[in-house]
Amino acid sequence: MTEQPVLVETRGRVGVITLHRPKQLNALNDALMDQLGAALLALDADTGIGAIVITGSAKAFAAGADIEAMADWSFMDVCQSGFITRNWETIRQVRKPVLAAVAGYAMGGGCELALACDIIVAAASAKFALPEIKLAMLPGAGGTQRLPRAIGKAKAMDMCLSARMLDAQEADRYGLVSRVVPDTELLSQTLALADQIAAFSLPALWAIKAAVNRAWESPLSEGILFERHALYERFASADAHEGMHAFLAKRPPDFQHR
Ligand code: DAK
């Protein structure tokens, strides 16, 4: 029986996707990225889900794009198949919060996948690198663009040009990750965080995620305008009225995700 490279389960309002090519340290091949994309879209469409967690194994979140698969590809092969564009960027369509729970290696495409998530929770063992330069390649799944935005040009150039690997503490200091937790608590703490997020009003989560992402991609004035309209839209939401009235009544809110 063929092993599934991606395992999916739901825990309450949280969808959990586990990358599962243990022998290849979760190297990201087309089959895995196709399944990851399909799982992300299915969870995003599921009205019972409020947040998504992507995780790997204790040794590797993912050790990058599958080098064995890529080794003999030609320019025409990657152009014609739309390599990366075709399936790696599905994550950009996801409107719900996506959390990466990273232990061990997050290298190359694995680091880029984590960077494409909204929150990165790193285990103390996590290691982040963009080592494509060692292969005479370049980080081609958003690494040269998201990394400088996340940690600034100086640190990003260092990582991309020298293949420097960051441990979890450095990644935390530089702002690459959101939190660092003990390895034994990686999944429990990430799930607790995802649970907390998923209990909030889904339309408000959509709006906040879209607004923060807009901050990456537009001048301040455009971003502020986007935020202002997102705020006005909140007043059309039953949950927003419920949230404010619950606060005034000193009771927990009963969000209907509308
Ligand atoms: N691909 C395929 N197999 C991999 C792999 C990878 N990225 N990483 C590890 N493996 C395999 C190893 O070959 C080995 O297989 P066997 O020999 O057992 O058959 C098995 O996983 C265990 O790996 P190691 O024996 O090497 O394990 P160690 O603990 O000694 O070392 C390591 C772990 C993560 C330090 C090491 O495996 C390593 O350096 N791996 C390669 C990491 C790397 O270079 N990652 C970047 C990949 S390149 C593009 C867009 C994007 C990209 C490129 C182009 N275009 C749009 C054109 C992205 C490129 C990348 O991500």
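All ligand and atom numbering here is 1-based and tracks the order in the structure.
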Task: salt_bridge(Arg228, Glu233) N-O dist < 4.0 Å - done: no
Task: Ligand-residue contact atoms, ligand 1 with Pro131, heavy atoms, under 4.0 Å - done: 43 (C), 44 (O), 45 (N), 46 (C)
Open item on the list: Can you confirm whether some protein heavy atom lies under 4.0 Å from atom 55 (N) of ligand 1, or whether none does?
Closed with: yes
Task: For Cys117, the option from Ile91, Val94, Ile52, Val53 that meets side chain to side chain contact (heavy atoms under 4.5 Å, CB included) - done: Ile91
Open item on the list: For ligand 1, which is the ligand I care about here, please tell me if Ala63 has any N or O atom under 3.5 Å from one of the ligand's N or O atoms.
Closed with: yes
Task: From CE (Met159) to CG (Leu176), nearest 0.5 Å - done: 6.0 Å
TODO: Identify the two heavy atoms, one from Ala171 and one from Phe128, that lie closest to each other, and give their separation to 0.1 Å.
DONE: CB-CD1, 3.7 Å
- [ ] Can you pull out the closest protein heavy atom to atom 60 (C) of ligand 1? Residue, atom name and distance to 0.1 Å, please.
- [x] Glu132 OE2, 3.4 Å
Task: Heavy-atom nearest option to atom 15 (O) of ligand 1, drawn from Lys127, Met70, Lys23, Glu112 - done: Lys23
Open item on the list: Counting only nitrogen or oxygen atoms and a 3.5 angstrom limit, does Phe83 reach ligand 1?
Closed with: no
- [ ] Would you give the length of the straight line joining atom CD1 of Ile197 to atom CG of Leu99, rounded to the nearest 0.5 angstrom?
- [x] 5.0 Å
Task: atom 13 (O) of ligand 1 within contact range, any protein heavy atom under 4.0 Å - done: no
TODO: Below 4.0 angstrom from a heavy atom of Met137, which ligand 1 atoms are there? Numbered from 1 as shown, please.
DONE: 53 (C), 54 (C)
TODO: For Met107, counting its heavy atoms only, list the atoms of ligand 1 lying under 4.0 Å from any of them.
DONE: 34 (C), 42 (C)
Task: Approximate separation, where rounding is to 0.5 Å, of Met33 CE and Phe83 CZ - done: 9.0 Å
Open item on the list: Any protein heavy-atom neighbour for atom 30 (O) of ligand 1 (distance below 4.0 angstrom)?
Closed with: no
Task: Ala65 and ligand 1 - part of the residue with a heavy-atom distance under 4.0 Å - done: both
- [ ] Apply the salt bridge (charged side-chain N to carboxylate O under 4.0 Å, His left out) test between Asp118 and each candidate in Lys96, Lys209, Arg92, Arg95; give the one that qualifies.
- [x] Lys209
- [ ] Kindly compute the distance separating CZ (Arg258) from OG1 (Thr47), expressed to the nearest 0.5 Å.
- [x] 10.5 Å
Open item on the list: So is Val78 touching ligand 1 or not, going by heavy atoms under 4.0 Å?
Closed with: no
TODO: Give the single entry among Lys134, Glu68, Met165, Gln24 that approaches atom 11 (C) of ligand 1 most closely by any heavy atom.
DONE: Gln24
- [ ] Might you check, step by step, whether the distance between atom 26 (O) of ligand 1 and some protein heavy atom is under 4.0 Å?
- [x] no
Open item on the list: Is Lys59 close enough to touch ligand 1? Criterion: a residue heavy atom under 4.0 Å from a ligand atom.
Closed with: yes
Open item on the list: Under 4.0 Å and counting heavy atoms only, is there anything from the protein next to atom 38 (C) of ligand 1?
Closed with: no
Open item on the list: Can you report which non-hydrogen protein atom sits closest to atom 3 (N) of ligand 1, along with the distance?
Closed with: Ala27 CB, 4.0 Å
TODO: Find all atoms of ligand 1 within a distance of less than 4.0 Å from any non-hydrogen atom belonging to Leu135, and give their numbers and elements.
DONE: 48 (S)
Open item on the list: I need the Arg86 CZ to Ser81 OG distance, nearest 0.5 Å.
Closed with: 6.0 Å
TODO: Would you mind running through ligand 1 and noting each atom that sits below 4.0 Å from a heavy atom of Ile84?
DONE: 50 (C), 51 (C), 56 (C)
Open item on the list: For Glu242 and Gln256, which I'm curious about, is there any donor-acceptor pair between the side chains at under 3.5 Å?
Closed with: no
Open item on the list: Could you work out, for atom 2 (C) of ligand 1, the closest of Asp77, Asp66, Leu25 by heavy-atom distance?
Closed with: Asp66
Open item on the list: With respect to Gly108, determine whether any N or O atom, backbone or side chain, lies less than 3.5 Å from an N or O atom of ligand 1.
Closed with: no
- [ ] State, to 0.1 Å, how close His257 and Ser201 come at their nearest heavy-atom pair, and which atoms those are.
- [x] ND1-CA, 3.8 Å
- [ ] Compute the shortest N/O to N/O distance between Ile67 and ligand 1 and return yes if it is under 3.5 Å, no if not.
- [x] yes
List the atom pairs, donor and acceptor, that lie under 3.5 Å between side-chain atoms in residues 130-156 and the rest of the protein, sequence neighbours left out.
| from | atom 1 | to | atom 2 | distance (Å) |
| --- | --- | --- | --- | --- |
| Arg149 | NE | Trp216 | O | 3.4 |
| Arg149 | NH1 | Gln145 | O | 3.1 |

TODO: State the OG1-CD distance between Thr18 and Glu9, to the nearest 0.5 angstrom.
DONE: 6.0 Å
